[in-house]
Amino acid sequence: MVHPSDKLRRFGSRSDGRKRCQVVRTINGDWRHGPTLQWAGRLHLTLWFVSHSHLAPPRRAPDSAAQPAFSSTQRSPERRVISSVIVHQCAMASLISPYLSVPTAPGRARLAAPGAPRRRRMAVVRAKIREIFMPALSSTMTEGKIVSWTAAEGDRVAKGDPVVVVESDKADMDVETFHDGIVAVVLVPAGGTAPVGAPIALLAESEEEVALARARAQALSQGQSKEPSPPHATAAPGPPPPAPVAPQATKGIATPYAKKLAKQHRVDIAGVVGTGPHGRVTAADVEAAAGIKHKQKVAPPPPPPPAAVGPAPPMPVLPPVPGGTVVLFTTMQAAVSRNMVESLRVPTFRVGYSMITDKLDALYEKVKSKGVTKTVLLVKAAAVALTQHPVVNASCRDGKSFSYNNNVNIGVAVALEGGLLTPVLEDADKLDIYLLAQKWRVLLKKARMKQLQPNEYNSGTFTLSNLGMFGVNKFDAILPAGQGAIMAVGASRPTVVADKDGFFSIKSEMLVNVTADHRIIYGADLAAFLQTFAKIVEDPEILTL
Amino acid sequence: MQSTAAVSVSASATASRGGARSEAARRPGGIRVCGLRGEALTCPSLRISQAPARLAAARAAAAANGAVAGSGGGFDYDLVIIGAGVGGHGAALHAVEEGLKTAIIEGDVVGGTCVNRGCVPSKALLAVSGRMRELHDEHHMKSMGLQVSSPGYDRQGVADHANNLASKIRSNLTNSMKALGVDILTGVGTIVGKQKVRYGKAGFPDKEITARNIIIATGSVPFVPKGIEIDGKTVFTSDHALKLESVPDWIAIVGSGYIGLEFSDVYTALGSEVTFVEALDQLMPGFDPEIAKLAQRVLINPRKIDYHTGVFASKITPAKDGKPVLIELIDAKTKEHKETLEVDAALIATGRAPFTKGLGLENINVVTQRGFVPVDERMRVMDADGNVVPNLYCIGDANGKLMLAHAASAQGISVVEQISGKDHILNHLSIPAACFTHPEISMVGLTEPQAREKADKEGFEVNVVKTSFKANTKALAENEGDGIAKLIYRPDTGEILGVHILGLHAADLIHEASNAIALGTRVQDIKFAVHAHPTLSEVLDELFKAAKVNSGVSHSVNEPVAA
């Protein structure tokens, strides 16, 4: 009796259903994706142990910087072997900002900085404090939520150790560090959210740098409250400004939780007036000093995304419904909401077209047994039509130009429990319907398990939404950001049709409605595209070629 | 503090000893298990060198005693045990099984520290703290789709639960001994001479009995370093803390061993903030360093706990006259004053000291060492000249070998085996230990540094493998994926040197490993044993399977091994 999950179990993989997305940023900064997801959990463990048992003694040495054999510059070639293993098999994201210079050693860092990128990395290696920042997983992701910190402040981490689990709009992800060091400051606690690119923690190379990193964190937080700027664009600010002078009412006695909170919110505990028993500083005092209400999550205000044209209008908040329940958006739902509101800034229009699908239906009956679905046929038809009308496959990214796409990547809207995803069939024009169908099955499965890789849901150039299976006869779709057009397909229904000779007959008719960005796609473009599409649907033999 | 398992084992054993073994053997499914168990019990196994000559000598000695006969033979009792804690109780039950006429002397309450002021009531408090933790962990609850509105607790209710549990276990223990015909003699026992004990009110031992063999099982009391003033209200030991008369807002716990760690779990779950004071440079000094590191990440850092390491609490003054509890900290090395803490309460959990005063050891030329009764590997008491005192044994905390309730019980059983004419040496490395925090920590055998030191000395190789609870279905279903299991073994022979677990129900999981060590089962054999799916035990299954051993399978699993 072999248990279904036996295989998973044997290899120590996560069998919790919610697979984590494994993504790696290699040392050069490009993204790769682990091919063997099921094994990733185990491999990750193994690697961690390997690195731990081999590296623990030198790392535990109090002054490892003094041992030349283990200085970070010399270690990198040998360590890269490990990291390449991670890249190919384990696959987790590594997100250390390479741009941070050190406040106390500006000369050293700057010396190397003006050089070529490669030389810049050399400077990075020498830099003592590094930022861990919120990774960008998709073009639609503007902020991420920290699910948990696997490393705590003061923990020593080795390159390859997972340090944090981030929930993006589509998946949970382990983030690993690419550098050895000590997690000096956690800037965004678990449960908090941070905009993409914002620092979420600082990594110090040695004990001595921890204090330096703390000071830097303080400077960062103050800088951030003044001007929410892209995190690594600004040069390192000078020494931290002196703590605000406050009446020293206490002997500096603070409870353990108060100290923790103070660290978290970067409140100088010496300046907090204690109101607890015997004048001690309590958690409530620190919260008051940090200006936060109880239980409120603290997250730095998200800076406007770099691609944004202008600030989004503030959302009016309606009073709560009495007696109703409020359920907060999940990250995915929040992403959907954001994208939908975003689309309001695009001037769209719609063109509808009805087409006879008898032949398509007949073709479908023939290929059904090979696993080809109606959706796949429609995707293929749209892709073929798009190759003849490249403008419909284009997008307007800056309001003043056409961005033509080399590939025809068709996203297909899929309803998920509690959300909506658009897995993308890449190069739909080039693949035959059988390959497409196969690919689609894989994508669908991944989408349901929240396992999609970023390029599998955000590389679309055109979207197809089919509600035909529900019997819907027509609807219109909202244009997703970054695309030129979206096609809404209704059901095929038997309809009485009169032909040009005046003969009546009953044919299956399908209504197709396309929403497009009028800045680049005009009525005639869309009409011509639809005409081509209808021709293909009405004579679908071309699809099987 | 940690022997609930041992207690319940011996308590239930009461019912099952007698005819249960043969009865169970008749049950179809139980045959193999019973075969194994029978063998383990009757064969004087557990890592004994069974040199026939020695065995014969032991038999001869026992025969000379006449102990095997089971009658008094001129003595009032075959066996008198001083102290009715878990150790004494375990010894008494086994003595009855071996047909010895047995009495047990108790000057306080039956059950000793474990049942009344240790493991048992603390488990009640920890059960409460575990549930409070779950209910308060909104994120955890939400991820399982549960909604709970503001859970709270009634301190007296929690305290009553602990107290009720203790009295229930105490009466179970008392009844089990009465039912088997063990005489429970009330009073403080004093050894007045060879095979002679007097007992009665403290200071006035008025009744004298003779016994062929005597076991000292007087246990221990909380150790309070000098400079610390205990008032039982704001500065107290585990004895008071278990009554849970108050839940302070901020409590300092002096000592971060498992007693301190368990109480930190209880107090933080009930809303207190905790400050640890640890004399060594690291929290949880007794644990495997890797486990301690992870434990700190799971049990300390996310909670309302801070700590001072490398410091002694040189002076602790209870709260009075509107002043809080004052704790003076000095550097453990330089002895310089470092800081003064002001807290609401302080729990002294700096270990336990043997309770051996008034035993009359001077009457038989025995000198205690720091209070501990010196014994050899067979728990035979040694006198001041280093000679074995015949017919006198000491088990449990009083001898200081391994201060765990179930270790005391095992030592007691070992002693009874010997006086029944079967030589027996207990392998202390096979005795598991557990810390019942949330999640739990458990261990058996050597820590990694100990194993490596031994390996260096004896010239063998040591391998370490680990598995994670994150990969375990059951743990994930419970949403409790934090934790690891770690196996330290010899790759050349497959011998298990140590196993350490941190994770959900770790304390219940360790026994597979401790039994393997006790029975000498090798990794290459146990890895073929089957574990039900999905269970937490698969964490160990994977652990054994992950271990690479250079020698082949030594025994088939179909033939139970006891070597």
Side-chain angles (χ1 to χ4, degrees), chain A residues 1-6 8-18 20 41-42 44-46 48-50 52-53 56 60 147-156 162 174 186 189-191 250-261 263 274 276-280 282-283 295 325 328, chain B residues 138-139 142-143 147 248-252 268 271-276 289-290 293 296-298 300-307 319 322-325 339-344 448 463-468 470-477 479 481-482 484 486 533-534 538-539 541-542 545-546:
Chain A
M1 202 178 78
V2 176
H3 195 277
S5 72
D6 229 28
L8 286 181
R9 207 154 46 77
R10 281 286 173 269
F11 292 105
S13 77
R14 304 168 54 84
S15 39
D16 57 344
R18 191 181 164 106
R20 284 194 181 150
R42 163 62 174 263
H44 138 203
L45 283 170
T46 316
W48 188 78
F49 294 144
V50 165
H52 183 83
S53 52
R60 223 172 273 145
V147 177
S148 62
W149 281 96
T150 33
E153 277 184 20
D155 279 1
R156 235 171 215 296
D174 280 338
V186 168
T250 64
K251 291 162 284 179
I253 289 189
T255 70
Y257 189 43
K259 281 187 214 157
K260 263 187 194 167
L261 281 176
K263 213 164 146 191
H278 314 290
R280 73 170 70 124
T282 63
K295 284 247 168 184
T325 49
L328 285 178
Chain B
E138 266 176 58
H139 182 73
K142 231 187 228 164
S143 66
Q147 284 168 2
D249 290 340
W250 183 6
I251 183 166
T268 52
S272 303
E273 296 180 34
V274 169
T275 296
F276 270 120
E290 201 174 338
K293 189 178 154 197
Q296 177 157 347
R297 216 180 267 173
V298 176
I300 308 277
N301 294 350
R303 300 185 179 170
K304 296 176 180 178
I305 301 176
D306 70 349
Y307 49 87
K323 276 198 240 152
V325 175
E339 206 173 328
T340 302
L341 299 180
E342 291 184 7
V343 293
D344 296 324
E448 190 177 337
N463 263 14
V464 173
V465 288
K466 287 162 247 187
T467 50
S468 166
K470 275 207 178 75
N472 182 279
T473 310
K474 186 77 183 298
L476 290 174
N479 230 339
D482 278 337
I484 62 166
K486 172 175 177 178
H533 174 73
E538 289 171 293
V539 172
D541 186 29
E542 274 196 46
K545 286 186 164 70

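All chains are named by letter (A, B, ...) in the order of the sequence lines, taking the proteins before the strands, and each is independently numbered beginning at 1. Since this is a predicted model, take the numbers as computed values, not measurements.
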Point to revise | Salt-bridge present (B/D249, A/R280; N to O < 4.0 Å) | key: no
What part of [X] gets closer than 4.5 Å to chain A, counting heavy atoms only: side chain, backbone, both or neither?
X	answer
B/V343	backbone
B/I300	backbone
B/N479	neither
B/V274	backbone

Review point. Roughly how far, to the nearest 0.5 Å, is NZ of A/K260 from CG of B/N301?
Key: 5.5 Å
Review point. When rounded to the nearest 0.5 angstrom, what is the spacing between NZ in B/K304 and NZ in A/K259?
Key: 15.0 Å
Review point. Using a cut-off of under 4.5 Å for heavy-atom pairs, which of A/T282, A/L261, A/T255 has the most such pairs with chain B?
Key: A/T255
Check your understanding: If you tally heavy-atom pairs under 4.5 Å against chain A, which of B/E339, B/Q296, B/R303 wins?
Key -> B/R303
Review point. So do the side chains of B/T275 and A/P256 get within less than 4.5 Å of each other, counting heavy atoms only?
Key: yes
Check your understanding: In chain order, what residues pass the salt bridge (Lys or Arg N to Asp or Glu O under 4.0 Å) check against A/D155, with sequence neighbours excluded?
Key -> B/R297
Exercise for review: Looking only at non-hydrogen atoms, find the nearest pair between A/R156 and B/K293 and report the distance.
Suggested key: O-NZ, 4.5 Å
